S.K.: 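What follows is a single structure, and I will ask about it in a moment.
Since we're looking at a predicted model, the values are computed, not measured.
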Amino acid sequence: MDDDVLASSVVHALSQYVIRKNEVGATAFDAQLGGLLGHLEAKLAGPYPQEILARFLANPADPVEVETLRLHLARELRQDPGFGRQLYSDLGGRVVAPPPDPRKRKKVVAGAAGAVVLLLLGFVAARAFTSEGGEAAPPPSTTTSTVLVSPPVTTTPTTTARPSSSSVSPPTGSVPPSAIAGDGSSLAADAPVWLAQLPVPNNSWVFDNGDHDVQLTQHQESVWASLNSCYTTSREQQFRLKNFKRLEVTAVGTDSTSDPQLAVKFQVFVNSDLVKPVAEVVVNPGEAKPLKADLPQNVFAITLRSSVTTPDKNPCRAGKAVWGAPYVVATGAA
């Protein structure tokens, strides 16, 4: 699909979705469009693109905000064909509405171009202000450190004492080929497995996954969700598993591109209970905290939920809530 057509289709679908959701609330939730919005939020990570998206989400029926987002998205698609393929898959065949009257479109494009210029000038002015000692300096994002992890214990247990929970090291590499995905009984006792390697329902990811930072410290095999205090205030991802006894997360918090005032609550739920978390931690701005949760013997699913602690629309605060290097520990064969 042509980049401009794809950008128009994506923005049109999201515009209708957000308008509908604002009218009827949670009953309008669409998992496919929610995933589409999540990938768009993850891609538009910088302060300037985030401002464009936030203005669109606040006014999804405004033709100028719609066109501004469409123009920026079309440019992103031309620079990253892989991102275009992801959005095309998320779109699921939804077709863009017929284009508006050409005379009206010229006015809208002119308005969008003006909006882009104003946003850019405001962004440059803000950067100039912060460089002179203002209070709203953005968080640094050019230097990261790497967390070094030691290899896991994957051999068959001997007669020596089993390692305690505090001595289990985060995993490296992939699950052994002989293991059954999501079944800890096919592994050695206390073997750690990256959470991102577990099955997810319908093979559909809501979170993003890969190497990512928590407060400038890089963590491998992380999972994260884009949040916005004006609109997307909470997101969750479920994983399927059995015969695992513990979840450990090296660090939870926001990443280096997030609003420095964003505070996030991280919660872990087990099986079908999405009300009472088995683990919960609130991470204030600038913090990074570890998280652990014991899992029951009958575990068949765990759900991670990330939520903005205080929804705020003045101003909108956006960022990524990151679960840094989460892994689960196998019970092993019975």
Side-chain angles (χ1 to χ4, degrees), residues 21 25-39 41-42 90 170-171 175 180-185 192-210 212 214 219 221-228 231-255 262-283 289-309 311 319-331:
K21 195 169 183 182
T27 57
F29 176 73
D30 184 306
Q32 192 172 46
L33 289 177
L36 174 66
L37 178 58
H39 285 119
E41 289 175 328
D90 291 340
V175 177
I180 300 174
D183 188 351
S185 67
V193 175
W194 293 122
L195 191 67
Q197 293 180 351
L198 297 180
V200 296
N202 300 317
N203 198 31
S204 177
W205 278 86
V206 177
F207 283 13
D208 288 287
N209 64 93
H212 208 77
V214 178
H219 297 275
E221 295 290 340
S222 301
V223 297
W224 65 92
S226 296
L227 301 178
N228 186 302
Y231 182 71
T232 311
T233 59
S234 181
R235 301 183 73 183
E236 58 188 45
Q237 174 73 60
Q238 187 178 88
F239 299 87
R240 307 308 298 268
L241 76 169
K242 61 180 181 178
N243 298 314
F244 284 91
K245 60 183 178 181
R246 191 171 63 259
L247 165 71
E248 298 197 20
V249 189
T250 305
V252 293
T254 55
D255 71 357
L262 192 67
V264 179
K265 180 191 297 182
F266 295 83
Q267 297 173 298
V268 180
F269 299 90
V270 173
N271 297 339
S272 301
D273 185 354
L274 298 180
V275 178
K276 299 178 181 178
V278 296
E280 177 180 301
V281 62
V282 174
V283 181
K289 297 180 178 179
L291 185 150
K292 294 183 180 181
D294 291 327
L295 305 178
Q297 290 185 350
N298 65 342
V299 63
F300 60 81
I302 58 173
T303 300
L304 308 187
R305 179 184 295 166
S306 306
S307 308
V308 176
T309 57
K320 295 184 179 67
V322 186
W323 303 70
Y327 64 94
V328 286
V329 180
T331 59

S.K.: Taking it one step at a time, do E248 and V328 satisfy side chain to side chain contact (heavy atoms under 4.5 Å, CB included)?
M.R.: CA-CA 6 Å; E248 298 197 20; V328 286; over 6 Å; no
S.K.: Return the minimal non-hydrogen interatomic distance between P326 and V249, and the atom names on each side.
M.R.: CB-CG2, 3.9 Å
S.K.: What's the separation between atom CG in L37 and atom OG1 in T232, rounded to the nearest 0.5 Å?
M.R.: 5.0 Å
S.K.: Restricting to side chain to side chain donor-acceptor pair (under 3.5 Å), what partner residues turn up for D273, sequence neighbours left out?
M.R.: none
S.K.: Taking atom CG as the centre, does N298 end up with more than 12 heavy-atom neighbours from other residues, nucleotides or ligands that are less than 6.0 angstrom away?
M.R.: yes
S.K.: Side-chain contact, heavy-atom cut-off 4.5 Å: T233 with L227?
M.R.: no
S.K.: As a quick check of understanding, evaluate side chain to side chain contact (heavy atoms under 4.5 Å, CB included) for K245 and L295, giving each step before the final call.
M.R.: CA-CA 5 Å; K245 60 183 178 181; L295 305 178; 5.5 Å; no
S.K.: As an exercise, state the distance from CG of L304 to CZ of R235, rounded to the nearest 0.5 Å.
M.R.: 13.0 Å
S.K.: Under 4.5 Å between any side-chain heavy atoms of H39 and D208, yes or no?
M.R.: yes
S.K.: Within a strict 4.5 Å, meaning less than it, do heavy atoms of the L291 and F266 side chains meet?
M.R.: yes
S.K.: For residues F244 and T331, determine if any side-chain heavy atom of one lies less than 4.5 Å from a side-chain heavy atom of the other.
M.R.: no
S.K.: Between S272 and F300, which heavy-atom pair has the shortest distance, and what is it?
M.R.: OG-CZ, 3.7 Å
S.K.: For residues P171 and V193, report the shortest heavy-atom separation together with the two atoms involved.
M.R.: CG-C, 3.9 Å
S.K.: Any donor-acceptor pair under 3.5 Å linking the side chain of Q237 with the backbone of F207?
M.R.: yes
S.K.: By salt bridge (charged side-chain N to carboxylate O under 4.0 Å, His left out), which residues pair with E236, not counting sequence neighbours?
M.R.: R305
S.K.: How far does CG of L247 sit from CG of D294, to the nearest 0.5 angstrom?
M.R.: 10.0 Å
S.K.: Would you give the length of the straight line joining atom CD1 of I180 to atom CG of N243, rounded to the nearest 0.5 angstrom?
M.R.: 10.0 Å
S.K.: For F239, what residues pass the ring-ring contact (aromatic ring centres under 6.0 Å, His included) criterion, not counting sequence neighbours?
M.R.: W205
S.K.: Only one of D255, T254, V252 forms a side chain to side chain contact (heavy atoms under 4.5 Å, CB included) with V322, so which one is it?
M.R.: D255
S.K.: With S306, which residues qualify under side chain to side chain donor-acceptor pair (under 3.5 Å), at least two apart?
M.R.: W323
S.K.: If you measure from CG on L198 to CD1 on I302, what distance do you get to the nearest 0.5 Å?
M.R.: 6.5 Å
S.K.: Not counting sequence neighbours, which residues clear side chain to side chain donor-acceptor pair (under 3.5 Å) with S234? List them please.
M.R.: S307
S.K.: State whether the side chain of S222 and the backbone N or O of A325 hold a donor-acceptor pair below 3.5 Å, judged by distance alone.
M.R.: yes
S.K.: Minimum heavy-atom separation for V214 and A251, please, with both atom names.
M.R.: CG2-O, 3.9 Å
S.K.: Provide the closest heavy-atom pair for P277 versus Q267 in the form atom of the first, atom of the second, distance.
M.R.: CG-NE2, 3.9 Å
S.K.: For the OG1 atom of T303 and the CZ atom of R240, what is their distance to the nearest 0.5 Å?
M.R.: 9.0 Å
S.K.: H212: which residues meet the ring-ring contact (aromatic ring centres under 6.0 Å, His included) condition with it, sequence neighbours left out?
M.R.: W224
S.K.: Search all heavy atoms of Y327 against all heavy atoms of P192 and return the closest pair with its distance.
M.R.: CD1-CB, 3.6 Å
